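Note that the coordinates shown come from a computational prediction; the quantities given were computed from them, not determined experimentally.
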Amino acid sequence: MRNLQKLTDEQLVSAYAQGNNEAFDTLLLRHKQRLFSYIYQIVRDRDLADDIFQETFVKAITTIKQGRYNDLGKFSAWLYRIARNLAVDT
């Protein structure tokens, strides 16, 4: 199998949807630091940011596994939109 680090986000999402859990781990590692920082800038509370970060990835996993992910846009933009909506709703 190809090195997962070299794949695009969209390729990783596709691989994850087909059952490759390592592909999602790669996505998580790729976006973890910047996404957490983004959430933290909104809520200014580390514990709340941790909760929102986790919930963001749970929603992403659920959506991808249910086959409802639409890859017309960028994965990162979609992920940040989920995080922002969750942060604003808290």
Greater than 12 external heavy atoms within 6.0 Å of Arg30's CZ:
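Correct, the count exceeds 12.
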Tell me whether Gln33 at atom CD has more than 12 heavy atoms from other residues, nucleotides or ligands lying less than 6.0 Å away.
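Open: at most 12 neighbouring heavy atoms sit under 6.0 Å from CD of Gln33.
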If you look at every heavy atom in [X] and [Y], which pair is closest and at what distance?
X	Y	result
Ile64	Tyr16	CG2-CD2, 3.6 Å
Lys65	Gly19	NZ-CA, 4.2 Å
Gln41	Arg44	O-NE, 3.6 Å
Glu10	Lys74	OE2-CA, 3.6 Å
Ala87	Val43	CB-CG1, 3.9 Å
Gln11	Leu7	OE1-CA, 3.3 Å

If I take atom OG1 from residue Thr26 and atom CG from residue Asp9, how far apart are they, to the nearest 0.5 angstrom?
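Spacing of OG1 (Thr26) from CG (Asp9) equals 10.0 Å.
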Straight-line distance of Asn20 CG to Ser14 OG, nearest 0.5 Å:
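Between atom CG of Asn20 and atom OG of Ser14 there are 10.0 Å.
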[X] side chain vs [Y] backbone, donor-acceptor pair below 3.5 Å:
X	Y	value
Glu55	Leu86	no
Thr56	Ile52	yes
Thr63	Ala60	no

Answer yes or no on whether Lys32 is positioned over the face of Phe57, meaning its NZ or CZ is under 6.0 Å from the six-membered ring centre and within 45° of the axis.
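No.
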Report yes or no: is the cationic atom of Arg84 (NZ for Lys, CZ for Arg) closer than 6.0 Å to the six-membered ring centre of Tyr38, at no more than 45° off its axis?
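Cation-pi check for Arg84 and Tyr38: fails.
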Angle between ring planes, Phe75 versus Trp78, binned at 30° and 60°: parallel, tilted or perpendicular?
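Answer is tilted, since the angle falls between 30° and 60°.
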Is the shortest side-chain heavy-atom distance between [X] and [Y] below 4.5 Å?
X	Y	answer
Leu27	Leu79	no
Tyr80	Arg34	yes
Leu4	Leu12	yes

